[in-house]
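Quick notes on the structure that follows.
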Amino acid sequence: MNQRISQALSQKSLGFALIGVVAIASGLVYVFFVRHLPTPPQLVISSCQSTVAGKRRLTTQSRLAFDLPDTDFTIESGTPDMIIGPYHIITHKGQTGKMEIAYGDLSFSRELESLPTFSKFVEQRDIRTVQGGVVGIDHWGYLDGKERWRYVKFVWGDEVGYRPASGQEAKLWDQVISSGCLLAGPAN
């Protein structure tokens with residue numbers, strides 16, 4: 001009888017030890033791999049201030065605006081036949097990656113839908129106004145621990161995003177996204 005109790009306790013101890021090892025291993029993976037991945041800055045939307053010299057302001061149908069340096073970027077803007085509102089495709093000079101700002105779907109929205117499936121790390125967080133109201137969702141992740149992608153969707157229909165990009169390029173796109181603000185006046 002004592003041998004059975006001893007054997008049962010031994011099996012339980014082995015189970016608890018196994019759970020402990022898995023928990024510690026998960027913690028170590030987080031500490032050494034996930035925690036060190038750079039996080040895009042939290043996006044908080046406020047009212048736009050006046051444009052700074054040397055910056056170009058891109059606006060959307062709903063009066064969302066982004067500021068970027070005049071000299072560092074090539075911008076292709078237009079209005080598609082089937083969608084209300086302008087789009088902007090931005091390329092950093094000397095780079096191949098692009099960022100898009102649009103009302104409605106981005107040109108690579110289907111690709112963006114599948115990126116979380118193939119990513120090693122994915123996060124989603126609310127986009128808020130300075131008053132605390134939720135105005136959208138910010139999705140981002142890492143494909144292989146090196147290339148980051150980001151997709152921002154606002155409640156009024158504007159979308160901003162970039163395909164997987166190197167850390168330096170992603171940081172550059174994040175600076176443009178972080179400049180997001182709302183122009184005064186009613187949305188068109």
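Positions are given from 1, in the same order as the sequence printed here. Owing to the predicted nature of the structure, the values given are computational and were not obtained by experimental measurement.
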Problem - Under 3.5 Å side-chain donor-acceptor pair for Trp149 and Ser119 - result: yes
Exercise for the section: Decide yes or no for Phe154 and Val160: does some side-chain heavy atom of the first lie under 4.5 Å from some side-chain heavy atom of the second? Expected result: yes
Problem - Partners meeting side-chain hydrogen bond (donor to acceptor under 3.5 Å, both in side chains) with Gln95 (sequence neighbours left out) - result: none
Handout entry: Donor on one side chain, acceptor on other, Ser107 and Glu100, under 3.5 Å
Key = yes
Problem - For the student: nearest non-hydrogen atoms of Pro40 and Asp174, plus distance - result: CB-OD2, 3.6 Å
Exercise for the section: Treating Ile, Leu, Val, Met, Phe, Trp and Tyr as nodes and any side-chain heavy-atom pair under 4.5 angstrom as an edge, say whether Tyr162 and Ile127 lie in one connected cluster. Expected result: yes
Exercise for the section: Report the relative orientation of the aromatic rings in Trp173 and His92; use parallel for angles under 30°, tilted for 30 to 60°, perpendicular for over 60°. Expected result: perpendicular
Practice task
May I ask whether Tyr87 and Leu68 are part of the same hydrophobic cluster, defined by side-chain heavy atoms of I, L, V, M, F, W, Y residues being less than 4.5 angstrom apart, directly or through others?
Solution key: no
Problem - Residue pairs, two or more places apart or on separate chains, that pass salt bridge (Lys or Arg N to Asp or Glu O under 4.0 Å) and touch residues 67-78 - result: Arg57-Asp67
Completion exercise
Result for side-chain hydrogen bond (donor to acceptor under 3.5 Å, both in side chains) between Asp138 and one of Lys153, Gln42, Arg128, Arg150 points to Arg150
Handout entry: Donor-acceptor under 3.5 Å (His139 side chain, Leu112 main chain)
Key = no
Exercise for the section: Under the salt bridge (charged side-chain N to carboxylate O under 4.0 Å, His left out) rule, collect the residues that match up with Glu147, sequence neighbours excluded. Expected result: none
